[in-house]
Amino acid sequence: MTRSTASDRPRAVKKILIAEDEPNIVISLEFLLKEAGYEVAIARDGSQALKLAATLRPDLIVLDVMLPALNGFDVCRRIRGEVKDIKVLMLTARGRDSEVAKGMAAGADAYMTKPFATRELVSKVAELLATDD
Amino acid sequence: MLTAPLIVVTSFAYVGLLFAIAYYGDKRADAGRSIIANPYIYALSLAVYCTSWTFYGSVGRAATSGIGFLPIYLGPTLMAALWWYVMLKIIRISKQNRITSIADFIASRYGKSQMLGGLVTIIAVIGIIPYIALQLKAISNTFFIVLQYPEVVMPDKQSAPLFLGDNTFYIAMLLAAFTILFGTRHLDATERHEGLVAAVAFESVVKLLAFIAVGIFVTFSLYDGFDDIFSRAAQSVELNALLTFGGETGNYATWATLTFLSMAAIMFLPRQFQVTVVENVDERHLTKAIWLFPLYLLAINIFVLPIAFGGLLHFPGGTVDADTFVLTLPIVEGRPWLALFAFIGGLSAATGMVIVETIALSTMVCNDLVMPVLLRMKALRLTERRDLSGLLLGIRRGAIVLILMLGYLYFYLAGEAYALVSIGLISFSAVAQFAPAIIGGIFWKGGTRTAAVCGLAAGFLVWTYTLLLPSFAKSDWLPITFLSHGLFGTDLLRPQQLFGLSGLDDITHCLFWSMLVNIGCYVGISLVKGPSAAEHSQATVFVDALKHAAGAGSRFWRGSASVNDLLALLGRFLGPERAREEFVAYARGRGAKSPEALAADAGLVHHTESLLAGAIGSASARVMVASVVDEEPLDLDEVMNIIDEASQVLAYSRQLEQKSQELEAATNELRGANRRLQELDRLKDDFISTVTHELRTPLTSIRAFSEILNDNPQLEGEERAKFLGIVIKESERLTRLINQVLDLSKIESGNAEWHSTEIDMREVVEDSVAAVSQLFKDSNIELDVRMPNEVPPIVADRDRLMQVMLNLLSNAAKFCERPGGRVVVGLARDGSFLRVDVSDNGVGISQADQDVIFDKFRQVGDTLTQKPKGSGLGLAISRQIIDHFGGRLWVKSRLGEGSTFSFTVPLESPRPARIPAVLPEPGFGT
């Protein structure tokens with residue numbers, strides 16, 4: 001899968017929530033996902049992410065594990081308990097297998113470690129959203 | 001007609017016959033064909049009880065007291081009935097314990113006490129001496145009388161000079177010689193003298209026949225039978241009184257006393273003990289002796305009254321001593337051969353008594369008096385001599401001579417004052433003192449050694465005071481006022497009316513007091529203090545003798561010995577050959593080929609002790625055996641050894657315990673170290689994980705933007721510049737982070753370089769403030785520095801202190817209030833430290849956060865808005881640096897009231913570099 005274009009977009013514009021506390025990473029993710037044609041919202045910490053997930057009803061959340069206030073695992077678990085149809089792509093700077101397993105157990109749909117390849121990230125997001133249809 | 005040579009030759013011939021019998025008896029015994037192994041010989045040998053006192057004295061007493069002579073024979077007759085209970089037990093005990101004398105018996109009963117054995121021996125010797133004197137007197141007087149045939153002449157009193165001029169002295173010496181020949185030709189382990197017993201039995205027959213011959217002569221030749229004599233006697237008022245109780249002759253107390261005394265005498269006279277117990281071949285013989293012996297007594301007494309009456313009727317007016325009627329009646333009737341026979345009968349009675357008694361006494365003197373003393377005298381080195389049997393025989397022979405000399409002396413000093421019976425009763429009273437200790441000893445386990453010693457000693461003292469000393473006084477050998485006015489003229493202490501007790505004859509009086517103190521002491525002291533372990537074990541052996549099989553004593557032996565030691569020991573007393581024979585016999589009995597094949601077990605040791613006890617007495621035997629075997633009670637060295645061993649074991653166990661404790665401590669230490677290692681490992685993993693995370697974050701931005709820029713060449717200038725700026729900033733952050741991690745790692749591992757010089761802290765503060773002044777100016781933060789004009793110099797690394805200052809200042813700038821930020825820097829001396837405070841007016845730090853901000857990668861900030869800048873290692877590094885200089889870095893803060901970070905640096909030269917922990921802190925690189 002190559003970079004997403006406007007012609008590839010589904011009928012309704014998909015909404016993606018970025019939950020990440022590192023500003024520069026937020027900037028890069030925002031740029032990449034907007035480029036791919038998604039509608040993007042940003043949460044700076046775990047509780048904000050939960051709040052926005054409930055109000056905005058995004059199709060997908062790019063969720064950092066090391067979030068202030070409420071960590072990514074907890075956010076994921078809570079989202080799974082409330083809004084079932086949200087795809088969760090977890091990002092973490094901790095590369096251990098145990099972390100991956102933990103994320104999957106919390107209900108994540110996919111898991112990527114930092115630093116990530118930008119194309120890979122975008123295609124993973126598209127993949128997750130495509131299966132949704 | 002009866003010339004002196006004839007009498008002497010006859011006497012010697014008779015004694016020679018006795019000797020021949022004894023010799024034959026010994027030969028038969030050695031050949032294993034005993035001639036005395038039948039109850040009749042045994043019963044006849046018991047008749048050694050009947051001495052010249054009986055032979056002559058009974059008639060004498062009957063002539064003055066009528067039937068008053070009877071108790072002396074009633075007592076033994078009564079006692080014989082009790083033998084089955086008492087004597088059997090004594091025999092059994094004595095055989096089991098190889099007891100050879102009455103002294104041995106008592107000593108053995110009370111814990112094998114040498115002292116007690118000695119005391120009993122002394123009492124026996126002193127007590128018996130009057131009795132021996134009595135025999136000497138009888139022989140001497142009758143010899144004189146029979147020599148006067150056909151006249152009847154009484155011997156003069158005290159006519160002869162002492163010793164060499166006196167026939168009695170020669171008689172004593174001759175008796176000593178005979179006794180030595182009979183009794184001490186060789187040493188026997190069991191002290192049994194079969195030949196002697198045979199001779200004594202023969203003598204018993206002779207004296208009985210002689211007495212009956214005289215009796216028949218008087219009764220049927222002089223008179224017409226018993227009826228004639230008694231009817232004639234009844235016609236005389238004087239004689240009639242003798243046939244009835246009442247009056248002075250029939251005093252019940254006297255009867256009871258005499259009966260009791262003779263009961264004790266038949267048991268405890270040394271010669272009676274010798275023939276009844278020691279010479280007993282088979283305890284079943286006792287059953288016959290129980291009726292044979294009283295029968296003998298009856299036979300020898302049948303003619304006492306007829307002879308007495310005949311004598312009194314024949315010699316009116318008391319011109320002839322009644323004690324001599326047996327001899328004088330045949331003389332006056334012109335029957336020389338009957339007179340000679342009567343003399344031989346009397347001689348027989350006297351010699352039998354003297355020989356057996358003296359042998360018994362000499363055994364006691366040797367075993368219980370002399371040997372214990374000699375063995376104790378180390379200077380004599382007796383315990384090292386190979387063969388002591390010669391010495392033992394020598395001692396016994398000496399004792400025999402001595403005893404007879406003492407008997408002679410008593411005879412010379414006091415013998416004339418009394419009739420035969422009275423002298424005999426003095427001895428009986430002495431021997432009766434043994435009764436409480438022996439009877440109590442075999443029926444009561446509670447009797448103790450001390451009690452026996454006290455009882456015996458007290459009774460003996462009373463006897464000496466109330467009977468022995470008065471007998472000297474009556475012979476004018478002591479002032480007679482002693483009797484009439486008491487000791488020191490005190491009436492209460494009159495020996496024969498002690499404490500005013502009067503109305504009793506002197507024998508009864510003595511018996512009352514002596515038995516009172518004797519039994520009183522024995523029972524009283526025993527009850528006050530019970531028996532010791534040794535006493536108790538012997539008490540059990542004695543009291544329960546009839547319950548146990550033979551060899552019961554071995555139960556009380558524990559220890560070890562060698563067969564050769566025991567054999568050598570036995571050989572010293574019995575002679576090596578004899579000792580070897582005994583051991584060979586013992587070995588054969590045990591199914592062993594030779595003594596060497598024997599185990600020196602308790603049985604052999606006990607056997608050896610028994611054999612030795614026969615030769616030297618049980619108390620001495622015990623001491624001797626104890627000298628070659630290691631037996632209990634242990635000597636001090638052994639006790640010390642055991643204690644040493646025990647304490648060694650204790651020490652080992654203590655060491656072991658200590659080792660085990662040390663081991664446990666080491667294990668705990670190891671476990672602790674392991675836990676710490678695991679903790680450190682976990683910390684290291686955490687650290688690496690954290691560092692990795694911290695590295696990945698900037699790297700993520702760098703990669704992302706690099707790829708974005710690469711993939712989007714169409715990006716316009718402004719956005720492109722922004723993205724490139726991010727890449728550059730994140731790269732710088734990455735570099736800084738790496739540097740700080742390395743720095744921290746170096747400090748923690750002790751590998752950091754320190755360039756300590758003497759520095760002025762004022763300059764450091766000024767320089768650091770200058771370095772951040774632009775930052776503060778840009779952020780509109782007011783910076784106030786307060787420090788004295790001069791502070792003492794410190795020794796530290798200037799760059800490191802700058803690093804700490806810059807870290808604190810940048811933190812202050814980062815967290816102080818915006819706008820209106822204000823930071824105050826203070827420098828002051830604080831005791832022996834310089835102290836720097838950096839205060840901001842920011843949000844402050846919660847108490848919980850204050851504990852963690854110095855940890856690595858722990859950042860506290862307004863996380864809701866923005867992540868604080870910095871790696872999270874600054875404070876951790878700063879604290880390490882200040883620690884290194886020997887100071888302290890801490891924070892004081894309350895939420896909303898700002899924070900004050902302070903550190904101190906000591907004024908003195910810095911303390912030695914921190915000693916690295918056992919394991920270096922985990923960190924990157926080294």
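Protein chains get the first letters and strands the later ones, always in sequence-line order, with residue 1 at the start of each. Side chains included, hydrogens not; waters and symmetry mates left out as well; all remaining heavy atoms used.
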I'd like a table of donor-acceptor pairs (distance under 3.5 Å, sequence neighbours excluded) in which one partner is a side-chain atom from residues 896-903 of chain B, with atom names and distances.
| residue | atom | partner | partner atom | Å |
| --- | --- | --- | --- | --- |
| B/Ser899 | OG | B/Ser893 | OG | 3.0 |
| B/Thr900 | OG1 | B/Ser839 | OG | 3.0 |
| B/Ser902 | OG | B/Asp837 | OD1 | 2.5 |

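For the side chain to side chain contact (heavy atoms under 4.5 Å, CB included) test, residues two or more places apart in sequence or in another chain that qualify with B/Arg822 are B/Glu782, B/Asp784, B/Arg786, B/Val824, B/Asn841. Scanning for side chain to side chain contact (heavy atoms under 4.5 Å, CB included) contacts around A/Asp74 gives A/Leu70, A/Asn71, A/Arg77, with sequence neighbours left out.
Within a 6.0 Å sphere centred on CD of B/Glu716, other residues, nucleotides and ligands contribute 12 heavy atoms or fewer. Within a 6.0 Å sphere centred on CD of A/Glu120, heavy atoms belonging to other residues, nucleotides or ligands number 12 at most.
Residue A/Ile27 touches chain B through both its backbone and its side chain, counting heavy-atom pairs closer than 4.5 Å. For A/Phe116, the parts sitting under 4.5 Å from any heavy atom of chain B are the backbone and the side chain alike.
Within residues 697-710 of chain B, the residues approaching chain A closer than 4.5 Å by heavy atoms are, in numerical order, B/Thr697, B/Leu699, B/Thr700, B/Ser701, B/Arg703, B/Ala704, B/Phe705, B/Glu707, B/Ile708.
The side-chain heavy atoms of A/Thr92 and B/Arg696, taken from C-beta on, include no pair separated by under 4.5 Å.
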A/Phe31/B/Leu715 under side chain to side chain contact (heavy atoms under 4.5 Å, CB included): CA gap, chis, key distance, verdict:
CA-CA 11 Å; A/Phe31 177 83; B/Leu715 278 178; 3.7 Å; yes
